2 protein chains.
Amino acid sequence: MPPTPAVPQGKRPTLADVAARAGVSTALVSIVMRDAKGAGAATRERVLEAAREIGYRPDARARLLRSHRSHLLGVQFGLQHPFHSDLLEGIYAVAEPAGYQIALSAVSAGRGEQRATDTLLADRCEALILLGPQAPTARLAELAGQLPVVSVARRLRGSVPGVEVVRTADDEGARQAVDHLVALGHRDIAHIDGGRAPGAADRRRGYRTAMNRHGLADRARVLPGGLTEEEGAAAARTLLAATPRPTAVLAFNDRCATGVLDILLRARVSVPDEISVIGFDDSHLARLAHINLTTVGQDIPRLAELAVGRAIARLEGAGTSGAETSGGDTSGADVPGGEAVVAPHLVVRGTTAAPVHLGPGGITPTHGSGARGASAGG
Amino acid sequence: MPPTPAVPQGKRPTLADVAARAGVSTALVSIVMRDAKGAGAATRERVLEAAREIGYRPDARARLLRSHRSHLLGVQFGLQHPFHSDLLEGIYAVAEPAGYQIALSAVSAGRGEQRATDTLLADRCEALILLGPQAPTARLAELAGQLPVVSVARRLRGSVPGVEVVRTADDEGARQAVDHLVALGHRDIAHIDGGRAPGAADRRRGYRTAMNRHGLADRARVLPGGLTEEEGAAAARTLLAATPRPTAVLAFNDRCATGVLDILLRARVSVPDEISVIGFDDSHLARLAHINLTTVGQDIPRLAELAVGRAIARLEGAGTSGAETSGGDTSGADVPGGEAVVAPHLVVRGTTAAPVHLGPGGITPTHGSGARGASAGG
DNA sequence: CAGAACAACTAGAACGTTCTAGTCGGGGCA
DNA sequence: TGCCCCGACTAGAACGTTCTAGTTGTTCTG
């Protein structure tokens, strides 16, 4: 074994290679690589130089194997869910600065949640963040028995011990939407729901409660919908045939709302003049200039921050007394009982306006061309 | 240390725990867990039983650390790219049955490709599959110097040694689209391009070549576009003002086409009667009943299969002589020079038809209500 | 019946890192 | 001067697995 090997072909350089080249021990190289204290300035520089020269790169696995903390957060997400992609973006943004790595595991048609969580566990994650999990409560409880678990956007009936929940106040969001429409003068407001999707029950309930509070209980109408454009379109067709035809619709989410817009546009029903439409999520879709959808926004960065913060707090709260690592600030909409609820906020764009017969000599303009009618797209 | 410990609280059980409980050596437990030969049936059963009892789960990291092969494929993908999600689905479906694990690393606004590939390398992946990478060629070459690299959907100028390319024949797709339109009787066919997006140059070229071949070179018109609805919408506005107004448009992708449809619909221009529209990708979007977009489909399962197959072939071709592991079949549209090109296929739906003035006393119906005009949607 | 061949099993050394418990030398303090 | 402390550095033992090289004991072979 030569003391100063050239770049070892076909073999990944290790601590020992760097150590040999710099003429120090592997332990010292480890210290330098970790930026830990215990190395002199000159030596430090020499080691870094040697590492650079042979293209050394620390082996994350060996590192995690040895240190008893892995600083690894496992995140399960659904492919095909733009909402999950947005959350992931936020999760990365919070976790990495806090010194945690993210291990991703996708759920798709051919790859169930069981498999997804299994690989995360095998990877030695310290905690699990599950985006919109559909697994039965029993499974979540089983996982929670092994490590901290955070469920994002899925509310759990009763509290499952060890499982934290981070979610949007869906009922509150629906309420805001209804309030906005009522304030504009609407009374016949329909809701196209999301069936069994996460959050759907709460939005339905929020809608009903708000309608009641405005004395519009008898006008409340819930149509079966879903999370896709097609389901929204189907519901919209039903809605057009109804008498009296509602003057406003609250859809389960933006995709659903888009389907509604499409059908309305095709039927030459003007939006928002004849019918106002509100979505949910404030997805990229809704923000597109030519869709310009009024919608209920979820605070995605906040959800991500809380999810990661909760997980880290559980991890560091167990070892030391408090979470003093610079990380997610877990205060705010936090509720002691293991559930963090984030407030949604209405984003008013061009698909809502006063119903036509109420406008004072015309239609209350909302925003420039926004009231000229929006179509579907996306 | 008791010989048969109860479930060790707060400590993950290891091989040694299982071994102690089953009264065998750790080596034997390892053999049983890996399903390797060298263990008797009875013992095997006893070990499995013990493992089950204490909830043993192999530690992937320690396993990879020791074994020379890691059987880990690193995949870099972009959040916010539905096309990547689809590819991922296919990649999982091919890789896992072939005995390879997938390590994901996302690219987003706040997390560049450098960081994404760095974590994959630190995780000791054996090969890298990059979905639509934007990194400069030099960076790809640098990576390729360390391990096999497969670039999916990004064509590289000249061949970068060590980098394999798997892509759709974008020019061929554009050609198919033009041929279809010409066959329907169109002559004024415009193309809204994708600017610098991966594949855009090829689609542009394919469009131009096809127009030439049909003797329509002087009618060819390329409008600057992009990959989003908004860019499609902007181009469509330009297009409506043009004289002569084209009777057909080939958009860079489905999202772009959707933006076009939206503007046309809003301008009361009937699709496909007055203008035919073709997209690219055959995304979920295009398949929605109320959008019903004619589009050029990419063979996503095939792309995924080739990408994984190529990576595995490189890995196993280096160690042993041939790739005999049951894995992706890498034959087919394979080209020796390190580039695999997959044929696209036109999917005819409702947004294309003969131009109105050519129809024999009317419009050639395409498919049921498909010809009645499609709108945008999400 | 000796020896080979084989299956079942084990001890102990890797793998690349971090952690623990040092050693060594020098400066401050009494 | 003697002592202690501190910073720089190192040897060697983990971590949980797989691999190598055995060691048994049984059965086949001639």
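If you're wondering where the values come from, they're calculated on a predicted model, not measured in any experiment. All chains are named by letter (A, B, ...) in the order of the sequence lines, taking the proteins before the strands, and each is independently numbered beginning at 1.
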Note: for A:H68 and B:A62 on DNA chain C, the residue whose nearest nucleotide lies more 5' is B:A62
Do the rings of A:F77 and B:F77 sit parallel, tilted or perpendicular, given the 30° and 60° boundaries?
parallel
Heavy atoms only, 4.0 Å cut-off, all strands: where does B:A39 land among base, sugar-phosphate and nothing? sugar-phosphate
Contacts of A:Q80 meeting side chain to side chain donor-acceptor pair (under 3.5 Å) (sequence neighbours excluded), chain-then-number -> B:D86, B:E89
Next on the checklist: Less than 4.0 angstrom from a charged side-chain N to a carboxylate O is my criterion; do A:E96 and B:R115 meet it?
Outcome noted: yes
Quiz item: Touch check for B:R61, heavy atoms < 4.0 angstrom, all strands: base, sugar-phosphate only, or nothing?
Solution: nothing
Under the criterion side chain to side chain donor-acceptor pair (under 3.5 Å), I'd like the reasoning laid out for B:R63 against B:S70: C-alpha separation, chi angles, the key distance, then a yes or no.
CA-CA 8 Å; B:R63 170 175 286 179; B:S70 79; over 6 Å; no
Checking B:L131, B:L130, B:L140, B:V165 against B:R154 for side-chain contact (heavy atoms from CB on, under 4.5 Å), the one that qualifies is B:L140
Exercise for review: Have a look at A:R44 and say if it touches a base, only the backbone sugar-phosphate, or nothing, with a 4.0 Å heavy-atom cut-off.
Suggested key: nothing
Closest non-hydrogen atoms of A:L79 and A:A106, given as atom of the first, atom of the second and distance, are CG-CB, 3.8 Å
Check: Counting any heavy atom closer than 4.0 Å, what does B:S30 reach on the DNA or RNA strands: base, sugar-phosphate only, or nothing?
Finding: base
| said: What contact category does A:R69 fall into here, base, sugar-phosphate, or nothing, at under 4.0 angstrom with non-hydrogen atoms? | reply: nothing
Outer limits of DNA chain D sitting under 4.0 Å from a non-hydrogen atom of chain B, read 5' to 3', are D:dG16 to D:dC19
